[in-house]
Enquirer: 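Pasting a structure here, questions to come.
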Amino acid sequence: MAMPIRRLKRSELPRETVALAKFLVGCMLVHDFGAARLAGRIVETEAYLVGDAASHSYRGLTRRNPSMFLARGHAYVYISYGVWPMLNVSSNEAGVGEAVLIRALEPLAGIEAMRQAAGAERPFDTARGPGRLARAMRVTLSHDGADLCGPGPLFLGAPLQQAGPIVTATRIGITKDADRPLRFFERGNPHVSGPKRLISG
DNA sequence: CGGCTGATGATCT
DNA sequence: GATCATCAGCCGG
């Protein structure tokens, strides 16, 4: 029953940020949390780049963002609106402040535990949007800087099922550089976040 | 269903 | 003091 999930090696991750953001759609995010395994298939990501006014790294290194400058495959976790943890995967080379925000998952293991942790009533809402996703996966600020390609409990896994067509769209919830096509999601997947008019494509 | 609003507190200027 | 990479709840059609 417990489906084996192979850990992704750093060498398997594309070096370029947009390529990584697309690559991660279809990959697994896994958190072995106590006796339980929480896992889901990544269905939506966003890229945050150098020279991108919407990125936390736009003004360089600050107290909260050093994890954005780690080599690709590390967690950058910060608190949004004082409440919600946001999980990103650092990208590019060490010293370059770029990252991929994980915005939505299709839960595949520990589904009910994830739904309860997220406080979601409807199953499709469990990991729909980055705030609920982090709650569902029990990701907290303590994971900031963790190596998602290492031996730890929180890691990236190889796809179990190949991703369908990837739609490119604009990012959600930002005002600066809002028109750049840096959001990626699996077409038609009901776990993708955002208003319906933004998920057809 | 879509659109709007208030809560919320860490971070940055 | 301003700014949020959000969300739940409420309202109208």
Side-chain angles (χ1 to χ4, degrees), chain A residues 17-18 20-22 24-25 29 40 42-70 72-92 96-105 107 114-146 148 156 166-186 188-201:
Chain A
T17 299
V18 168
L20 177 63
K22 294 179 183 173
L24 287 176
V25 174
L29 178 68
I42 297 169
V43 297
E44 181 185 7
T45 63
E46 286 178 356
Y48 288 85
L49 307 177
V50 164
D52 172 1
S55 173
H56 289 171
S57 62
Y58 188 58
R59 291 175 179 79
L61 200 57
T62 67
R63 173 170 18 179
R64 93 176 145 180
N65 71 10
S67 298
M68 273 191 94
F69 294 80
L70 297 174
R72 67 192 191 281
H74 289 80
Y76 166 46
V77 182
Y78 71 94
I79 303 295
S80 178
Y81 292 90
V83 180
W84 306 94
M86 300 278 127
L87 173 65
N88 298 252
V89 178
S90 70
S91 54
N92 216 302
V96 178
E98 298 194 339
V100 175
L101 173 67
I102 309 300
R103 283 197 61 90
L105 297 181
M114 287 174 65
R115 190 185 65 77
Q116 290 184 11
E121 306 222 343
R122 299 149 64 195
F124 283 142
D125 287 340
T126 293
R128 184 172 184 273
R132 285 184 295 250
L133 181 154
R135 283 195 172 171
M137 290 296 288
R138 313 297 287 248
V139 168
T140 69
L141 210 48
S142 70
H143 297 101
D144 184 44
L148 302 177
L156 292 169
I166 306 292
V167 181
T168 300
T170 54
R171 296 174 292 185
I172 291 181
I174 58 170
T175 55
K176 302 171 200 160
D177 271 338
D179 294 332
R180 301 183 69 174
L182 293 174
R183 173 170 168 254
F184 309 97
F185 60 90
E186 184 177 50
N189 192 298
H191 299 272
V192 170
S193 73
K196 190 178 260 183
R197 65 190 163 80
L198 295 181
I199 74 173
S200 57

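What you see is a predicted model, and the numbers here were worked out from it, not measured in a lab. Order of the sequence lines fixes the chain letters, A, B, ..., with proteins taken first and strands second; residue numbering starts at 1 for each chain.
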Enquirer: Quick check: do Arg183(A) and Arg171(A) have side-chain heavy atoms less than 4.5 Å from each other?
Expert: yes
Enquirer: What's the closest nucleotide to the Met68(A) side chain, out of dA5(C), dT6(C), dT13(B)?
Expert: dA5(C)
Enquirer: Per the side chain to side chain contact (heavy atoms under 4.5 Å, CB included) rule, which among Glu98(A), Arg64(A), His143(A) passes with Tyr76(A)?
Expert: Arg64(A)
Enquirer: Rounded to whole Å, how long is the line connecting atom CZ of Arg59(A) with atom P of dA5(C)?
Expert: 11 Å
Enquirer: Apply the side chain to side chain contact (heavy atoms under 4.5 Å, CB included) test between Lys22(A) and each candidate in Leu24(A), Val18(A), Leu20(A); give the one that qualifies.
Expert: Val18(A)
Enquirer: I want to verify a distance call: between dC7(C), dC12(B), dC4(C), whose nearest atom is closest to the Thr175(A) side chain?
Expert: dC4(C)
Enquirer: Given atom OH of Tyr58(A) and atom P of dA5(C), what is their separation to the nearest angstrom?
Expert: 14 Å
Enquirer: Ignoring the backbone of Tyr78(A), work out which of dC12(B), dA5(C), dC4(C) is nearest its side chain.
Expert: dA5(C)
Enquirer: State, yes or no, whether a side-chain contact exists between Met137(A) and Leu87(A) at a heavy-atom distance under 4.5 Å.
Expert: no
Enquirer: Reckon Leu101(A) touches a base, only the sugar-phosphate, or nothing at all at heavy-atom distances under 4.0 Å?
Expert: base
Enquirer: In whole angstrom, what separates Met86(A)'s CE from dT3(C)'s P?
Expert: 20 Å
Enquirer: Does His56(A) make a side-chain N or O approach to OP1 or OP2 of dT11(B) shorter than 4.0 Å?
Expert: no
Enquirer: Within the pair Arg135(A) and dC7(C), is there a side-chain N or O less than 4.0 Å away from OP1 or OP2?
Expert: no
Enquirer: Is the ring centre of Tyr81(A) under 5.5 Å from the base ring centre of dC4(C), and are the two planes under 30° apart, so that they stack?
Expert: yes
Enquirer: Over all heavy atoms of both residues, which pair between Leu182(A) and Phe184(A) is shortest? Give the atoms and the distance, please.
Expert: O-CE1, 3.3 Å
Enquirer: Just by distance, no angles: are the side chains of Ser57(A) and Asn65(A) close enough, under 3.5 Å, to form a donor-acceptor pair?
Expert: no
Enquirer: Round to a whole Å and report the spacing from CD of Glu46(A) to C1' of dT6(C).
Expert: 12 Å
Enquirer: Taking a pair as Watson-Crick (N1 to N3 plus N6-O4 or O6-N4) or G-U wobble (N1-O2 and O6-N3), both under 3.5 Å, which stems of 3 or more consecutive pairs involve DNA chain B?
Expert: B:1-7 with C:6-12, B:9-12 with C:1-4
Enquirer: For a quick test of reading the model, state the closest non-hydrogen atom pair linking Arg103(A) to Ile172(A) and the distance between them.
Expert: NH2-CG2, 3.7 Å
Enquirer: Expressed as a whole number of angstroms, how long is the span from Leu182(A):CG to dA5(C):C1'?
Expert: 12 Å
Enquirer: Is the shortest heavy-atom distance from the side chain of Val100(A) to the side chain of Thr17(A) under 4.5 Å?
Expert: yes
Enquirer: Would you indicate what Arg64(A) reaches in the nucleic acid, counting non-hydrogen atoms under 4.0 angstrom: base, sugar-phosphate, or nothing?
Expert: sugar-phosphate
Enquirer: Shortest non-hydrogen contact from Asn88(A) to Ala99(A)?
Expert: CB-CB, 4.0 Å
Enquirer: Would you say whether Tyr48(A) stacks on dA5(C)? The test is a distance between ring centres of less than 5.5 Å and an angle between planes of less than 30°.
Expert: yes
Enquirer: What integer distance in Å separates Arg128(A):CZ from dT6(C):C1'?
Expert: 13 Å
Enquirer: Ile172(A) has an atom CD1; how far is it from atom C1' of dG3(B), in whole Å?
Expert: 15 Å
Enquirer: Roughly how many Å is it from CG in Leu61(A) to P in dT13(B), rounded to a whole number?
Expert: 12 Å
Enquirer: Pick the closest DNA chain B nucleotide for Leu141(A) and for Val83(A) by heavy atoms, then say which residue is nearer the 5' end.
Expert: Val83(A)
Enquirer: What is the minimum heavy-atom distance between Ser90(A) and Ser67(A), and which atoms define it?
Expert: CB-O, 3.5 Å
Enquirer: Which pairs, protein N/O on one side and nucleotides 8-13 of chain C N/O on the other, fall under 3.5 Å?
Expert:
from	atom 1	to	atom 2	distance (Å)
dA8(C)	OP2	Arg132(A)	NH1	2.3

Enquirer: Please state whether the phosphate of dC4(C), meaning OP1 or OP2, lies under 4.0 angstrom from any side-chain nitrogen or oxygen of Lys176(A).
Expert: yes
